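Atoms within each ligand, like the ligands themselves, are counted from 1 in listed order. None of the values given here were measured: they were computed from a predicted structure.
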Amino acid sequence: MSKVKSSETVKVVVRCRPLNRKDAAGVTGTPGGRGGIIEMDVDRGQVVLRNPRALPGEPRKTFTFDSVYDASSRQRDLYDETVRPLIHSVLDGFNGTIFAYGQTGTGKTYTMQGEWLEPERRGVIPNAFEHVFTQIARSTADRQYLVRASYLEIYREEIRDLLDPNVHAPHVPNVHTQPPRTLELRESPESGVYVRDLTSCVCKSVKEIQELMNVGNQVRSVGATDMNEHSSRSHTLFLITVECSQTGPDGRQHIRVGRLNLVDLAGSERQAKTGVHGERLKEAATINLSLSALGNVISALADGRGGHVPYRDSKLTRLLQDSLGGNAKTVMVATLGPAPQHYEETLTTLRYANRAKNIQNQPRVNEDPKDALLREFQKEIARLRAQLSHREGRGKHRKEEGWDGEGDEEGEEEVEKERKLQEEKEAIREDGSLLAVEKQRLLGEKEIMMGDLRKEQDTTEQLTAKYKAMESKLLVGGRNIMDHTNEQQKTLEIRRQEIAEQSRREREILQQVMVQDEETLELRETFSSLQQEVEAKTKKLKKLYAKLQCVKAEIQDVNDEHVRSRQELEQTQNELTRELKFKYLIIENFIPPEEKNKIMNRLTFDPEEDQWKFQLLPPSESQMKKRLASAVGYKRPISQYARVALAMGAHSRYRAENIMFLELDMSPPTTVSLDHWPSEVGPNCSSSPTDSALYRERATRVRKSRSWCQAPRAITSSSSTVSLATHSTATPSTAQ
Ligand code: ADP
Ligand code: MG
């Protein structure tokens, strides 16, 4: 069930970063950070863009937004005015999205993340973390909350889970050997487009959620060191889901689920300007394609004619489907740089931002969705509580039956029971009046009772631990607000919010007055003479003519822009075609046609994923050759042939299959001292028959231990020596 709320437009704010040293170097003659091309009227929410190559008299371009933040703006200003109301809505059960859009280096990451360690320079994300948990602590005590977070990036059109538990091996901190797994997008009528199997972690505090973000960033930062500029080469999305349960007027528990998407997009940039090639160019091409897909979605939605919206053109637009034209409250922060050399990009960003203002969303409170995790938690906690009280009740029941242990506490009671059992056992042992058999039986019974008691204790402990762990994950409102400073801070925040609201209303009124002024100018005019009328009309004509010139210039600009982006798309297309040709060349020349056909027949297109996929082959008996089972006694699977050869001892090749089978001569070596050899007689030559007999007898003894020492050369009866000898003599001849 969901409450329908009237539609509202996407809120668009623009932020300009200060001129930095690099920019200033390009601004000739304008030291000290002056000379940017952007002027901002913060009170009216207007941006005036100056064309550095404008002809004299050419009017400047003016855009009006919900609010604008100039170079001197603080992170807090943007948060209080623009983001704070959105977070409140998320806590009330709306979906909310904040995304930063702009050219590389204009401050998207600065706006979204900022400097975490400096409170004044913290961006939207850390402030939102703080805000969510503070609001929960301040809410009424009848509310229960469950907060969980997910973190993903879209890199080269692949969705990567940055909290993938397989990447974050707990035993090896900071070591990520494999890239995070890639995930698929799915769509359901209940929860819209979602990422299947995305890791989500329950968080109980700001510290925990920050920790999650750090863990995710570590996976990204690996890329930043390995691959230059990786961090800005992917779109990241940090998703916080806040579930809140509260008793409704009907006396029943109702759950509201708010999802907050915090998106930091990769920067849009002109390929020609960055001068990238190869892989880098492909990366840039995918970024630009997904950003232009985003641009197309914004244009189609802003058009308001209800035509086809190309959400499916990229993963980014599919993920943001609900945020753009769907069930969400959305804030777009368009970031600009003041440098004149980036005039075209700045103008493009402003145009996109201007278009996005017209997108109508239909946000509604997500009430009682089927997949609320909070309900699962509550059910599980209730089940555990029931189990525990059942156990407690059983304990009491047993007590009445004779377990008359003392002590109020359950734990004490158990200890008491155990002590009593021990005493009873001792008493039985010492009781002289009992027969030995009877004694044994009674002791056995008591032993079983003690075993049961211990098991019972263990189970209760486990249940209590699980119960406590689950309960601690549910955050209850009305806690943690005890101290006075907290109250003061709350008042201060309310004041700030009021001021922000006030200035927003003032800006709105000023903008309305500006529009009305133009419309009512004509009505207020009364002419006393013809001459006066002519003058007034001429003046008006001039004004209209100037406006016409503006529109003409705008048309020219848009045309130029189209030509430029078309050229870029053509360049990307050329690159891709060249690569395709290269792959074709490899396929045609190196893959046999029948193999190619086999592969082609197995490929199917998955429209959901927009990808080609391999069909799995059904395993057939003949294809699935079983691996030989490892046989006991052998160190690895061994073929039938090898086993037969081994049994027959036919070939030395199979002999060493298992070292245990080698029949080593384990008797200690029998050695003779060389001093005993007749000094003039070497082992190879014998001078007399008696010497020869003596030698043969000794040689037999030596031969026995041939495993340890070289056999005398004269004895060549062993087959191995023969084969070795033949081998060694054969080798040179074959070599010749
Ligand atoms: P992007 O994410 O758009 O590529 P970054 O957020 O990384 O750009 O910003 C580039 C540089 O500009 C960073 O060094 C950042 O600190 C600085 N910067 C951006 N916006 C501001 C700002 N509003 N105030 C001060 N410094 C800024
Ligand atoms: Mg960035």
**Prompt:** Which atoms of ligand 1 are found less than 4.0 Å from any heavy atom of Arg15?
**Reply:**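 Answer, ordered by atom number: 23 (N).
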
**Backbone or side-chain N/O/S of Met112 under 2.8 Å of the Mg ion (ligand 2)** = no

Based purely on interatomic distance, does [X] place a nitrogen or oxygen under 3.5 Å from a nitrogen or oxygen of ligand 1?
X      : value
Thr109 : yes
Gly107 : yes
Tyr110 : yes
Arg17  : no

Would you please say whether a donor-acceptor pair under 3.5 Å links the side chains of [X] and [Y]?
X      : Y      : result
Ser200 : Ser150 : no
Glu115 : Tyr110 : no
Ser7   : Gln360 : yes
Asn261 : Asp322 : no

**Prompt:** Taking C-beta and beyond as the side chain, do Met213 and Phe238 meet within less than 4.5 Å on heavy atoms?
**Reply:**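 Yes; the side chains approach each other to less than 4.5 Å.
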
**Residue-ligand contact Thr106/ligand 1, heavy atom below 4.0 Å** = yes

**Message:** Could you work out, with salt bridge (Lys or Arg N to Asp or Glu O under 4.0 Å) as the rule, every residue matching Arg148, not counting sequence neighbours?
**Reply:**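 For Arg148, the residues satisfying salt bridge (Lys or Arg N to Asp or Glu O under 4.0 Å) (neighbours in sequence not counted) are Glu243.
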
**Request:** Under 4.0 Å, heavy atoms only, figure out whether ligand 1 is touched by the backbone of Gln103, its side chain, both or neither.
**Result:** backbone

**Message:** I need the contact type for Pro18 against ligand 1. Using non-hydrogen atoms and a strict under-4.0 Å cut-off, is it side chain, backbone, both or neither?
**Reply:**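 It is the side chain that touches ligand 1; the backbone stays farther off.
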
**Message:** List the residues meeting ring-ring contact (aromatic ring centres under 6.0 Å, His included) with Tyr352, not counting sequence neighbours, and say none if there are none.
**Reply:** Tyr101

**Complete:** In terms of its nearest heavy atom to atom 3 (O) of ligand 1, the top option of Arg121, Lys108, Arg74 is Lys108

